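All remarks here apply to the structure that follows.
Given the structure is predicted, the values throughout are model-derived calculations rather than measurements. Atoms within a ligand are numbered from 1 in the order they appear, just like the ligands themselves.
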Amino acid sequence: MISFPGYDDIIKKVYEEKQEHVFRFWDAIDDNKKKSLLEDLKNVNFEEINRQYLNASTEPVIDEDYGPADYIRLPRNPEESAKFAQARETGVEAIKKGRVCAFIVAGGQGSRLGYDGPKGAFPFTPIKHKSLFQVFSEKILKSSKIYGVSIPLLIMTSHANHQQTKEHFEQNKYFGLDPENVFMFQQDMIPSLTTSGKLILASQNSLFRNPNGHGGSLIALKKSGMLQKLKEKGIDLISYFQVDNPIVCAIDPVFIGFHILNNAEISSKALTKAYPQEKVGNFVIFPGKKLGIVEYSDLPEDKAYEKESDGSLHYSAGNVAIHIFSVDFISKITSDDFSLPYHLAEKKILAYNNGEPEKIDGYKFEKFVFDALPLTDKNVILETSRRNEFAPVKNKTGLDSVDSSRQLMMDMHREWLEKRGIEIPDSVAIIEISPLKALRAEDLDKDIIIPDQSEVYLD
Ligand code: UTP
């Protein structure tokens with residue numbers, strides 16, 4: 001057994017756990033590196049690792065005794081429209097009072113996009129090449145202007161992209177936001193494992209870790225001191241969305257209003273699924289009236305294809321990862337022994353095995369934020385329009401890619417102009433509307449003249 005002054009306990013533990021291969025480069029590294037490896041190992045929760053590995057090697061058991069969850073549909077008649085109007089009023093009042101902040105989860109690795117840098121820094125818009133972070137920042141700026149209040153922006157990063165995210169904002173003067181009102185904090189990283197349950201080295205003296213999933217955001221809010229800060233500022237509502245959905249309505253008074261009127265702890269937006277096995281989570285009610293999500297891959301085929309008498313899908317509400325969280329609820333669930341389950345993803349991992357990086361098969365473990373839904377007593381699911389709110393940037397090309405998302409954003413902007421009766425010359429191929437100009441059709445003046453050219457940017 002190796003030894004190092006002051007670290008006997010952790011060294012013993014590593015051997016007991018049969019993970020001593022992590023000392024493979026022990027003789028080749030200096031004392032500083034030895035110490036940093038041991039510090040890294042000190043932060044490993046071996047009990048949790050063993051539990052995860054054990055769970056990972058068995059199929060997840062999902063109780064199939066569930067039914068579809070109800071959701072508030074987009075208004076179909078004057079009565080429903082009146083409810084939306086009332087919700088809007090309530091939401092506007094809360095925003096104006098400074099009760100709301102925006103929260104982007106941006107700690108993911110964005111491996112499918114393969115961009116060299118934080119996904120949020122990806123130059124996204126078709127004409128001005130604004131980054132995703134710029135798009136969101138301008139949405140917050142515009143909402144702040146509309147409601148006459150400075151809306152704070154929270155960003156969760158991870159070890160791999162925190163510094164670069166900070167620099168992206170600094171280099172761009174926070175895109176006009178007040179730096180004092182932008183809060184970045186990191187989520188936890190947890191060790192990945194080989195398929196046989198072994199820790200993986202990322203270098204001679206460090207373990208390979210991955211960010212612990214967007215579900216890590218709830219505990220990160222608490223651990224970073226952010227929850228406390230929000231309370232001190234009188235903010236009790238968090239508008240949560242993902243860094244990869246540039247057309248999200250970042251601050252939506254109607255959504256916030258429904259959340260408040262229903263005393264909800266978590267509210268979620270849902271889209272009506274386009275087809276039975278669309279790759280979105282399904283909102284369901286488990287026995288005991290607990291709300292939850294069943295992933296598309298776990299929804300049995302007979303349930304996925306089940307229809308209502310009018311031909312619509314029985315399981316029709318799909319999750320788009322847009323939520324309102326009540327600060328009190330997050331405080332409550334994170335106060336004691338709080339833990340969301342881990343989900344397993346089998347991925348290629350860059351391991352440092354034989355003196356150079358090498359791709360191996362491994363397990364990454366992540367928590368999902370929607371696993372907090374069953375912990376709620378009160379919640380709201382609100383339908384949103386796919387065209388106006390869901391354009392994920394996941395892949396380099398094809399489905400849910402930069403191109404498809406850009407196209408959806410342009411289609412939405414074109415629709416806004418048409419809705420306002422603004423003529424678009426045939427020559428116009430590419431349209432970009434700055435969030436500083438409009439967040440929805442109603443923000444556009446009807447007398448705007450669109451020039452007769454192929455690219456049109458409105459700001
Ligand atoms: P995805 O599930 O799409 O993962 O994240 P990803 O890491 O961004 O991308 P791939 O799978 O490697 O291609 C959905 C949202 O959750 C955030 C992401 O930043 C994105 O906004 N997320 C994901 C985190 O904040 N932390 C995580 O650990 C994982």
Side-chain angles (χ1 to χ4, degrees), residues 52 102-122 124 131-133 135-137 139 153-162 164-166 168 183-192 208-224 226 238-248 250 268-269 279-281 293 295-297 318-323 325 339-350 359 362-372 389-402 404-405:
Q52 280 162 217
F103 180 24
I104 309 174
V105 284
Q109 294 165 308
S111 46
R112 282 171 286 174
L113 183 63
Y115 175 63
D116 185 19
K119 203 182 210 178
F122 183 85
F124 175 75
S131 69
L132 292 164
F133 280 135
V135 171
F136 299 127
S137 300
K139 285 182 193 227
L153 171 62
L154 279 48
I155 304 172
M156 183 177 79
T157 60
S158 59
H159 179 71
N161 65 20
H162 184 81
Q164 282 174 298
T165 302
K166 227 171 124 215
H168 183 66
F183 302 92
M184 295 180 198
F185 54 93
Q186 296 186 43
Q187 65 181 115
D188 286 337
M189 307 282 290
I190 60 153
S192 311
F208 189 98
R209 289 171 183 263
N210 62 271
N212 65 344
H214 42 66
S217 58
L218 303 180
I219 204 73
L221 279 164
K222 159 108 179 187
K223 272 169 99 173
S224 63
M226 203 58 235
I238 299 175
S239 177
Y240 167 110
F241 51 94
Q242 301 190 157
V243 74
D244 55 18
N245 185 12
I247 71 168
V248 66
S268 311
K269 281 202 181 164
K279 290 188 174 177
V280 286
I293 295 281
E295 288 278 52
Y296 66 92
S297 47
N319 180 24
V320 281
I322 304 170
H323 304 282
F325 285 95
S339 177
L340 294 177
Y342 277 105
H343 297 253
L344 161 94
E346 210 170 326
K347 299 220 169 151
K348 290 279 176 211
I349 289 171
L350 213 51
K359 271 193 185 161
Y363 291 155
K364 288 185 179 175
F365 299 90
E366 290 192 354
K367 297 182 179 205
F368 295 162
V369 79
F370 56 71
D371 280 324
E389 195 138 25
F390 191 53
V393 180
K394 299 279 184 196
N395 304 309
K396 247 187 199 144
T397 53
L399 195 71
D400 295 342
S401 64
V402 175
S404 66
S405 178

Handout entry: Whether Phe241 and Phe136 hold their rings parallel, tilted or perpendicular, with breakpoints at 30° and 60°
Key = tilted

Practice task
Describe, in one word, how the ring planes of His168 and Phe133 are oriented to each other, choosing from parallel (under 30°), tilted (30 to 60°) and perpendicular (over 60°).
Solution key: tilted

Nearest protein heavy atom with distance in Å, relative to [atom]:
atom                    : answer
atom 28 (O) of ligand 1 : Gly213 N, 2.7 Å
atom 5 (O) of ligand 1  : Lys394 NZ, 4.2 Å
atom 12 (O) of ligand 1 : Ser111 OG, 2.5 Å
atom 25 (O) of ligand 1 : Gly107 N, 2.8 Å
atom 4 (O) of ligand 1  : Arg112 NH2, 4.1 Å
atom 7 (O) of ligand 1  : Gln109 N, 2.8 Å
atom 16 (O) of ligand 1 : His214 CD2, 3.4 Å
atom 24 (C) of ligand 1 : Gly108 N, 3.2 Å

Exercise for the section: Could you tell me whether Pro211 approaches ligand 1 through its side chain, its backbone, both or neither, with non-hydrogen atoms closer than 4.0 Å? Expected result: both

Let me have the donor-acceptor pairs involving side chains of residues 216-224, under 3.5 Å, with sequence neighbours excluded, atom names and distances please.
unit_1, atom_1, unit_2, atom_2, d
Ser217, OG, His214, O, 2.6
Lys223, NZ, Asp188, OD1, 3.3
Lys223, NZ, Asp188, OD2, 2.7
Ser224, OG, Ala220, O, 2.7
Ser224, OG, Leu221, O, 3.2
Ser224, OG, Met226, N, 3.2

Check: [X] side chain, [Y] main-chain N or O, donor-acceptor pair, under 3.5 Å:
X      : Y      : result
Asn245 : Gln242 : no
Ser404 : Leu399 : no
Arg112 : Lys394 : no

Fill in the blank from the handout: Within 4.0 Å of some non-hydrogen atom of Met156, the atoms of ligand 1 are 25 (O)

Completion exercise
If you compare Gly216, Gly110, Ala220, Pro118 by their heavy atoms, the one closest to atom 9 (O) of ligand 1 turns out to be Gly110

Exercise for the section: Pick whichever of Val105, Val369, Ile104 has a heavy atom sitting closest to atom 17 (C) of ligand 1. Expected result: Val105

Practice task
Validate the cation-pi geometry between Lys367 and Tyr342: distance from NZ or CZ to the six-membered ring centre under 6.0 Å, angle to the ring axis within 45°.
Solution key: yes

Handout entry: Pair Gln109-Lys119, side-chain hydrogen bond (donor to acceptor under 3.5 Å, both in side chains): steps then yes or no
Key = CA-CA 8 Å; Gln109 294 165 308; Lys119 203 182 210 178; over 6 Å; no

